[in-house]
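Throughout, protein chains are lettered first and strands after them, A, B, ... in sequence-line order, and every chain is numbered starting at 1.
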Amino acid sequence: MNKELYLGVDVGSVSTNLVLMEKSGDILEKLYLKTSGHPVETLKNGLSRFKAMLGNKTEILAAGATGSGRQLAGLLIGADVVKNEITAHAVAALSVEPEVRTILEIGGQDSKIIFVRNGVVYDFAMNTVCAAGTGSFLDRQASRLDIPIEEFGGYALRAKNPVRIAGRCAVFAESDMIHKQQTGHCNEDIIAGLCLALVRNYLNNLAKGKEIPGPVVFQGGVAANVGIVAAFEKILGSSIVIPRHYDVMGAYGAAILAKEHIGETGKKTCFHGFDCVNDNFSVKSLECKDCPNRCEVVKISVGGELKACMGDRCGKWNCLPKDMSMNA
Amino acid sequence: MLVTFPNMGNVAFAARALCQGLKIPYVMPEKNNKDTLRRGSFYAPEEICLPFKVMLGNFLECIEKGADTILFVGSCGPCRFGEYCELHMKILRRLGYGNVNIVVADFSPEIGIDALRHRIAAISDKSPVGKLEKLKAVKNAMIIEALCDRLDRIAYEMAGYEVNRGTCKRLMYEYKAKILESKEPDETIAMLRGYLRKFGEVKTDLSLDPVKIAIIGEIYTVIDPFSNLYIEEKLMDLGASSSRMLTPTWWVKDLVMKPVKLNSPNINRAARKYMPFPVGGHGKECIGEAVLAAKKGMDGAIQILPLGCMPEVISKAILPSIRRDYSFPFMTLIVDEVTGEAGINTRLEAFLDMLGSIKKRGGSGRKHNLTKMEPAGSLLRRCANEADRKELFFE
């Protein structure tokens, strides 16, 4: 018998994640790939790797897409559900830790905090003006100090005397770090100081003085950084839960949402199959000049055939496929 | 003399009708777009709020098209709006447009009613029509504004109930395009009344229970779709029903009633507990609207403000107490020169998801007595009935 699975993809700014979920809700396979500015190629690469892993003995019952590239990804794979990443992350965290009250999520370009009460999201916030605490900033500092990002957090744990770094803005933080470096502080103390500064910044900017009730779940790529985790525990004064698949929680959430959607509607999946990687998928953009709105319209065609247009306001170009539920 | 005026939602339509009625030549600014903002932000001070930049963009565009007189409103304002006209004049002078005359209708007592009369005369003296015609032109402009605001309100609210997603939005785009084609105010009014009837015929399903959102915040950015990244249209696309109390019609009414302290009594009463005195701009109104929306049984509110807007920053700090007292969810969106929409789409979708799931769980458990919400059916009946009513403005 064919193995029945659910597919979830999360096309983010920094990483593209794919998850294959079993009927029981367990994760069978996961992939964490760097997007490197090429969302379509990265996603195709991920799908072909899944195909190679699974062979022909599987059936995808439903597919979901999330992340900032969710529209594009949804069209490429034929997703049943295209969902924003806040909802996807909340759903995933709730399935891992049903009692969760606060979800901290720090990704490549953005960070979020989600408050849950009785299993329902009741408030959330996303960083608005500054990406100081996010993965790409940490990446940049690691490469500036010539430390592999995987070891970055370890340095923080070895610090004896964390220095004070301004966490308000990435540029100020970097100047502060360079200054402390030039005055002779060791890398360990500087990195520990940076982790504390970023966590302070995150809590000021997103939580804005709100109470952070436990259990707290921390997910997203930055949860791999033990230094940041330690800083959170130190400042919050409580332990935090890091799910086993912390790095692909968005994709996991998308898979769960797809499963729920198919279960509720009883429809057959729109998933194009893993062979869709061979489709000639092309995206063209144009500026519509028909009215002063000047919308930037994106035309997506698969195999030479126009599949969808996005980005217009008046609805003239808009021809999203009917079977794709945008906010199911 | 070639007159122009800035965009603020439908205000430009009314100003256009006024010029038509007075038979004064005018230049209509293009609907706000990236070019407007590019022009404006290039010459505006970096830290000024977004509406200033957009309006400066409007002026520059129209001056390039030959305009030499700008109609504008001012106030010895309790927020940065008070320095708009002076700063605009200064920038235009520096750019070599010293010949451009900015006529500021300023209603503040410090300037005095004589000065206002004098300024208005500068325009109306150029009009070749008689006194009665002039009054009629003003009245028609006000009716057009009221009709446009009414149509938008119906479209935004009805979008949650429409059977074919997108009908309301299409009608809204249609009527706005048609206004620009009409030559006479009377013709425009007849056309708009026709659209009121058309909205009455939109197929709706009243059993739907869409998420209902109140749009609150700084007046320019809530009214101008370009400035708020078309948030109300996005809500229409997502099948939500939205409503907003601040409209240009409201603004005029508020202004007229202010001297006798009878302006927006419902909003002021609702705000009193949280903000007993005005803090400038429309900060107090924002609080009042939030409380009213919570009491009306709406599902949530979105506050929109331009970066650096002082009055709204004060209201923003008070919203959490309203949230606590009424368990009424809020989201604040700060708009600036950013035109990338991914972030705002994500927040909006997530906010709707959140409100939807709270709704599914049987509401937020609000303890307060809710004032009865107007059933959607009456909204539809009303818009068909009102099509023929004469004095929409003074209701």
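With sequence neighbours excluded, the residues satisfying side-chain contact (heavy atoms from CB on, under 4.5 Å) with B/Lys176 are B/Asn10, B/Phe13, B/Asp152, B/Met172. Residues forming a side-chain contact (heavy atoms from CB on, under 4.5 Å) with A/Thr265 (at least two apart in sequence, or on another chain): A/His261, A/Lys267.
Between A/Arg70 and A/Asp10 there is no salt bridge, since none of the side-chain N atoms of the basic residue sits less than 4.0 Å from a carboxylate O of the acidic one.
For B/Arg170, no part lies near chain A; criterion is any non-hydrogen pair under 4.5 Å. Neither the backbone nor the side chain of B/Phe226 comes within less than 4.5 Å of any heavy atom in chain A. If you measure heavy-atom distances from B/Lys34 to chain A, the contacts under 4.5 Å come from the side chain alone.
Between the side chains of B/Glu233 and B/Tyr173, at least one donor-acceptor pair of N or O atoms lies under 3.5 Å.
Among the candidates A/Ile86, A/Asn118, A/Asp123, the residue making the largest number of heavy-atom pairs closer than 4.5 Å to chain B is A/Asp123.
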